[in-house]
Amino acid sequence: MNVKEAIINRRAYRSLDPVEITNDMIKDFSELAQVAPSCMNKQPWKFVFIYEKEQLEKLFSTLTPGNKWAEKASLIIGIFSKPQDDCIIGERNYFLFDTGMASAFIILRATELGLVAHPIAGFNETKAKEIIKIPNEYQLITLIIIGKHSKEINPVLSEPMKLGEKNRPPRKSIEEFTFMNKYKLD
Ligand SMILES: Cc1cc2nc3c(=O)[nH]c(=O)nc-3n(C[C@H](O)[C@H](O)[C@H](O)COP(=O)(O)O)c2cc1C
């Protein structure tokens, strides 16, 4: 799979089967995040890999009701950072951008390995931070839910979510978000 294929094949699937999590897999993800670009090479990202059953069960209790499907995760990556760990240039805070890039590298590699790597925002941040022992000053930006795509649609999914398993949710037209030379025409 080349980069373009990984980008196109990546989907936020919600029907998951278990997958074996190995040290090599975690090392591989970590090494790819390590080489992501960042403002002045600040590398603001931090990742907690959660695969022990007991820790996973605790984290499941922090999920919003709509994210019950994520209880099938074999691995959850907790991604955290804080503004002071990256460039702050006037009003521009780069920590989310840079952490997002490193996270995207992990997601694409997981896709290449035939896994689902689905980022979620629907969890109780305070509770999740307590469970994985992240100090208060950090933002727990996302949890990436990792598993294998199941052929069986998870019955906990809502109807729109079930549709999302078959077809990628619609996107804006390219004209809506791309501009040539100037954003606003004079
Ligand atoms: C930051 C972020 C937060 C998300 N949070 C959730 C979530 O809480 N629950 C969920 O089911 N999907 C979540 N998603 C997945 C999106 O809904 C999904 O990426 C989008 O619908 C497009 O589908 P696709 O990724 O399969 O193309 C999130 C995605 C991102 C990037």
Side-chain angles (χ1 to χ4, degrees), residues 1-19 29 32-33 36 38 44-50 56-83 86 93-129 131-132 134 138-174 176-178:
M1 200 182 286
N2 63 32
V3 176
K4 185 173 177 179
E5 287 165 342
I7 291 170
I8 291 169
N9 283 336
R10 183 215 58 80
R11 283 292 320 279
Y13 290 117
R14 298 182 176 90
S15 299
L16 304 179
D17 280 336
V19 66
F29 290 157
L32 296 179
S38 59
W45 47 76
K46 294 199 189 322
F47 303 93
V48 189
F49 295 90
I50 301 132
L56 284 174
E57 294 287 344
K58 284 185 190 163
L59 261 193
F60 295 158
S61 74
T62 73
L63 299 173
T64 55
N67 279 337
K68 214 172 158 42
W69 58 266
E71 293 181 6
K72 297 270 182 186
S74 300
L75 170 68
I76 296 182
I77 311 178
I79 300 179
F80 63 107
S81 182
K82 59 181 184 335
D86 206 339
N93 280 255
Y94 280 95
F95 76 112
L96 294 175
F97 183 81
D98 291 347
T99 302
M101 280 197 291
S103 307
F105 287 6
I106 292 178
I107 290 172
L108 291 179
R109 176 61 175 151
T111 306
E112 187 181 35
L113 295 173
L115 303 173
V116 174
H118 183 152
I120 61 164
F123 58 90
N124 181 312
E125 187 189 358
T126 311
K127 281 194 199 156
K129 278 166 67 175
I131 291 163
I132 47 183
I134 295 176
Y138 287 97
Q139 278 183 32
L140 178 56
I141 301 162
T142 188
L143 301 176
I144 299 188
I145 307 299
I146 298 202
K148 189 126 186 123
H149 187 208
S150 175
K151 288 190 185 74
E152 305 289 318
I153 292 196
N154 188 330
V156 303
L157 297 189
S158 65
E159 288 309 312
M161 285 175 169
K162 283 180 186 163
L163 279 180
E165 294 297 278
K166 295 206 179 89
N167 303 307
R168 189 192 287 280
R171 293 307 206 252
K172 292 180 182 176
S173 70
I174 289 174
E176 282 180 88
F177 65 89
T178 64

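Quick note: residue numbers are just sequence positions, from 1. Each ligand, and each atom within it, is numbered from 1 in the order the structure gives.
Between Leu16 and the options Ile145, Leu115, Ile146, a side-chain contact (heavy atoms from CB on, under 4.5 Å) holds for only Ile145.
By heavy-atom distance, the residue among Ser103, Gly66, Ala121 lying nearest atom 3 (C) of ligand 1 is Ala121. Selection from Ser158, Ala70, Pro169 by nearest heavy atom to atom 23 (O) of ligand 1 gives Pro169. Of the candidates Asn67, Ile144, Leu157, the one placing a heavy atom closest to atom 8 (O) of ligand 1 is Asn67. Selection from Leu96, Leu63, Ile120, Val116 by nearest heavy atom to atom 7 (C) of ligand 1 gives Ile120.
Atoms of ligand 1 lying under 4.0 Å from at least one heavy atom of Gly122, given by number and element, are 8 (O). Atoms of ligand 1 lying under 4.0 Å from at least one heavy atom of Trp69, given by number and element, are 10 (C), 11 (O).
When distances from atom 20 (C) of ligand 1 to the protein are checked, no heavy atom turns up under 4.0 Å. Within a 4.0 Å radius of atom 13 (C) of ligand 1, the protein has at least one heavy atom.
Other residues, nucleotides and ligands place more than 12 heavy atoms under 6.0 Å from the CZ atom of Phe60. Around CD of Glu176, the count of heavy atoms belonging to other residues, nucleotides or ligands within 6.0 Å exceeds 12.
Using a 4.0 Å cutoff on heavy atoms, Tyr13 does not count as a contact of ligand 1.
In this structure, atom 15 (C) of ligand 1 lies nearest to the protein heavy atom His118 NE2, 3.2 Å. Nearest non-hydrogen protein atom to atom 28 (C) of ligand 1 is Pro119 O, 3.1 Å. Nearest protein heavy-atom contact of atom 26 (O) of ligand 1 is Arg11 NE, 2.6 Å. Nearest protein heavy-atom contact of atom 16 (C) of ligand 1 is Arg14 NH2, 4.3 Å. Looking only at protein heavy atoms, the nearest one to atom 18 (C) of ligand 1 is Ala12 CB, 3.8 Å.
Of all the heavy atoms of Phe123, none lies under 4.0 Å from any atom of ligand 1, so neither backbone nor side chain is involved. Under 4.0 Å from ligand 1, the heavy atoms of Arg168 that appear belong solely to its side chain. With a heavy-atom cut-off of 4.0 Å, Thr142 does not touch ligand 1 at all. Counting heavy atoms closer than 4.0 Å to ligand 1, residue Arg171 contributes side-chain atoms (C-beta onward) but none from N, CA, C or O.
Aromatic ring orientation, His149 versus Tyr13: parallel (interplanar angle below 30°, classes split at 30° and 60°).
A salt bridge links Lys162 to Glu159: at least one charged side-chain nitrogen sits closer than 4.0 Å to a carboxylate oxygen.
Closest of all the heavy-atom pairs between Ser74 and Leu56 is O-CD1, 3.7 Å.
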